[in-house]
There are 2 protein chains.
Amino acid sequence: MTVTERKERQRLLREQLFLDKAAELIAQHGILPLQMAPLAKACDYATGTLYQHFSSKEDLLLALANRNSCHQIQLFQGIAALPISSREKMLALCVADHMNQQAHPSHAGLEQYIFTEVVWKNASAARRQAIIDNSKPLAEVVSGIVQQAIIDNELPAHNCDAFNLSVAPWALCVGTNTLERTEGLLSAFGGNADPLQRYRHLHMLLNGMQWQPLQRIDDRVELSKQIALLQTLLEPFFQCENTA
Amino acid sequence: MTVTERKERQRLLREQLFLDKAAELIAQHGILPLQMAPLAKACDYATGTLYQHFSSKEDLLLALANRNSCHQIQLFQGIAALPISSREKMLALCVADHMNQQAHPSHAGLEQYIFTEVVWKNASAARRQAIIDNSKPLAEVVSGIVQQAIIDNELPAHNCDAFNLSVAPWALCVGTNTLERTEGLLSAFGGNADPLQRYRHLHMLLNGMQWQPLQRIDDRVELSKQIALLQTLLEPFFQCENTA
DNA sequence: CTCAGTTTTTGAATTTAATTCATAATTCAC
DNA sequence: GTGAATTATGAATTAAATTCAAAAACTGAG
C-alpha cells in the first residue's frame, strides 16, 4: 500500500505545517488572537481542511502542546543518561524545564491553558488520550531516576513507591511555574525575581526527602555555580530546537 | 448623600446576585456552558445590565474568583491565630486549601482558569488589580507565620526573607492541586489517589527547610491522625460558608 | 403634582469567530 | 478514459459575546 502510505505521509506533513504555523502565530501574538480561518489561510488551505485534522480549536491547541511535550521526552531521557548523580539528575530536570519555559514562553502558557477544564473538555477524546499517553514515558523517566536512587541507597523509600515520590518535585516545578507565570502576582509583593529561588526550594524538598548527598541551601554562590554548570551541560539539548 | 449611598448599596447587592447565580450555574454545569444572556435572564435582568457590572465575561469570572478568595483570607487569618505550632499552622493552611478544593471543586477550576493568559488579559485592569490586592493580605498571613517561626528559632532563615521562604510551600500546594485536578493524568499512572500524599510531600519540604519540630514521613498512621485532627480543628471555619 | 432633564435598563441588532456542508476538484480502480 | 469515491473548498450557518438606540425610571425645581 505505497499509495496509502504516501497519502498518510502527506497528511502528517500538512498537520505539522498547521501546527508549525499555529506555534509561530501564538509565539508572535499570543493564544488569544489565534483564529482558525486566518491560520488555514496562512497555510494556503481552506478552513474546512483544518477541521479535517482538528475537531476544534481546542483540539488543535492540545495537539500543539502535545508536540511540544514530545521534545521534553527526549530531553528528559537525555538527562537520565547523563553521567551525574541521581540528585543532580533531578535538579537537571527542573533546570531543563525552566530553560524550556524561558526559551518558549508561549509553550508554558499553552500548557497551562490546555489543562483547563474549558479547553480540555472541548478537545477530542483521542487527543486527550494522546497527551496522557505522552506523559507516561515522561513520568517513567522521572520515576526511573527516583527508583535508581532508592536502589543505590541515595534515597530512602519512605514507605512509598517511586512514582509517588517523583510527584513531589514535579508538583513543586509545576506550582513554581504557575506562580511565576502569573504576571504581576509574585512581583506585586516583595518577591523580586530571584531566578535561583526555585532551585533553592527544590533543594529544600530534596533534602527533606533525604536525597543524598544533602546540600546546603544558604550558599548562593555554590547554588549559582551548580545551576550554571547544569545549564551548560544541557545546552546541547536545546541546540536542535532551532531547526524545528 | 443618602440617595447616592442607597443606590450604591443596591448596585452592590445586584452585583452579588449576579455572582451568586454565576457561581451556582458554574457549580451545576461547569464553566464551559456559562453564558452571559442566560445568566442575566436567570437574575431577571437584561443582558446589558450585566455589562454595567462586568466589562466582559472574563471580567465576571475574575470577580467571582476574587470573591471566593476573600473567604480564604478570613480562613487563613483564623488559622494564623490558632494556638498551634508554626509548623502546624503551615500544614493547616494546606489542609484548609485542600478542604476548600473538595468543598468547592468549581472554585478550584475557576482559579486555574482565570490565571490563564487568555482569561486574565480579557478582564479589566481594575479587576486584575483587585485580585492582586487581595492576594497581598493572603501572602502576608503566610509570610507572617514564616517570620514568626524564624523569630522563634523554629526555622532557619536560610539567607532568605520570609516571603521567599513562604513561596515554597505555596508553590507545592498550587502544583499539587494542578496535577490532581488534571483529570486522568495522575490516575493514568500507578498514581492512585492517596489523599495523604500531598501532606507527606509538604512534610518533606518542611523538613528540608529545617522547620522544627521535624517529623517522620514514613508513618502513615501518625500523619493520618494529624491531618484528621487539623480537619476537625478547621471544621468551624467551613460552617459559615453554608449560609453564603 | 408635573415636567424637562438625567440616568438606568432593556433586549433586539450587531459583531466576531468557530464550525459546517453543499459543491467542486481530485484521485483512484478498472 | 470514465465513473465512483475521496478530499478540499470557502461561503453559509451558527453560537454567543457585546453594543446601543430607544424606553423606562428617576430626579429635583417650580
Side-chain angles (χ1 to χ4, degrees), chain A residues 1-19 21-22 25-26 29-64 113-114 116 118-124 126-127, chain B residues 1-15 17-19 21-22 25-26 29-64 113-114 116 118-124 127:
Chain A
M1 287 289 158
T2 314
V3 179
T4 318
E5 272 178 20
R6 175 164 42 82
K7 281 174 86 175
E8 190 52 29
R9 211 174 320 131
Q10 295 200 324
R11 205 188 131 75
L12 268 242
L13 223 55
R14 192 171 62 184
E15 187 152 319
Q16 293 308 312
L17 171 65
F18 282 139
L19 291 178
K21 189 58 88 173
L25 289 177
I26 288 178
H29 311 292
I31 303 175
L32 188 53
L34 182 74
Q35 286 168 231
M36 296 301 266
L39 170 60
K41 185 78 38 162
C43 299
D44 284 312
Y45 282 103
T47 314
T49 308
L50 196 47
Y51 280 88
Q52 302 229 306
H53 292 266
F54 311 105
S55 70
S56 68
K57 184 178 173 176
E58 286 74 23
D59 201 53
L60 179 142
L61 293 178
L62 284 234
L64 187 53
Y113 192 48
I114 61 147
T116 267
V118 172
V119 178
W120 188 255
K121 292 199 173 165
N122 255 346
S124 67
R127 202 68 72 172
Chain B
M1 286 289 161
T2 314
V3 179
T4 318
E5 271 177 21
R6 174 163 42 82
K7 280 172 90 174
E8 189 53 30
R9 212 174 319 131
Q10 296 201 322
R11 206 189 132 74
L12 269 241
L13 223 56
R14 191 171 61 183
E15 187 152 319
L17 171 65
F18 282 140
L19 291 177
K21 189 57 91 173
L25 289 176
I26 287 177
H29 311 292
I31 303 174
L32 189 53
L34 182 74
Q35 285 166 231
M36 296 300 266
L39 170 60
K41 186 79 40 166
C43 299
D44 283 314
Y45 282 102
T47 313
T49 308
L50 195 47
Y51 279 88
Q52 302 230 305
H53 292 266
F54 311 104
S55 70
S56 67
K57 184 179 172 175
E58 286 74 22
D59 201 52
L60 180 142
L61 293 178
L62 284 235
L64 187 53
Y113 192 48
I114 61 149
T116 266
V118 172
V119 178
W120 188 255
K121 292 198 173 167
N122 256 346
S124 67
R127 202 69 72 173

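This is a predicted model, so every value here is computed, not measured. Any value given below was found using the heavy atoms of this structure, including those in side chains, with hydrogens, waters and symmetry copies removed. Throughout, protein chains are lettered first and strands after them, A, B, ... in sequence-line order, and every chain is numbered starting at 1.
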Would you kindly give the [atom1]-to-[atom2] distance between [X] and [N], to the nearest whole Å?
X: A:Asp59; N: C:dA18; atom1: CG; atom2: C1'; value: 14 Å
X: B:Arg11; N: D:dC26; atom1: CZ; atom2: P; value: 16 Å
X: B:Leu60; N: D:dT18; atom1: CG; atom2: C1'; value: 14 Å
X: B:Tyr45; N: C:dA12; atom1: OH; atom2: C1'; value: 21 Å
X: B:Leu50; N: D:dA17; atom1: CG; atom2: P; value: 10 Å
X: B:Gln35; N: C:dA18; atom1: CD; atom2: P; value: 17 Å
X: B:His29; N: D:dA16; atom1: NE2; atom2: P; value: 14 Å
X: B:Leu39; N: D:dA15; atom1: CG; atom2: P; value: 20 Å

Shortest non-hydrogen separation from [X] to [Y] and the atoms involved:
X: A:Leu19; Y: A:Phe54; answer: CD2-CZ, 3.8 Å
X: A:Ala42; Y: A:Lys21; answer: O-CE, 3.7 Å
X: B:Glu15; Y: B:Arg127; answer: OE2-NH1, 3.7 Å
X: A:Leu39; Y: A:Ala22; answer: CD1-N, 3.6 Å

Handout entry: Short side-chain N/O contact to C:dT9 OP1/OP2 from B:Thr49, under 4.0 Å
Key = no

Handout entry: nucleotides 19-24 of chain C: protein proximity per nucleotide (B base, S sugar-phosphate only, - neither; heavy atom, under 4.0 Å)
Key = BB----

Practice task
Classify the nucleic acid contact of A:Leu34 as base, sugar-phosphate or nothing, counting any heavy atom under 4.0 Å across all strands shown.
Solution key: sugar-phosphate

Exercise for the section: Look at the side chain of A:Ser56 and the backbone N and O of A:Asn122, then say whether any donor-acceptor pair between them is shorter than 3.5 Å. Expected result: yes

Practice task
May I ask you to test the A:Tyr113-A:Val118 pair for a side-chain heavy-atom distance under 4.5 Å?
Solution key: no

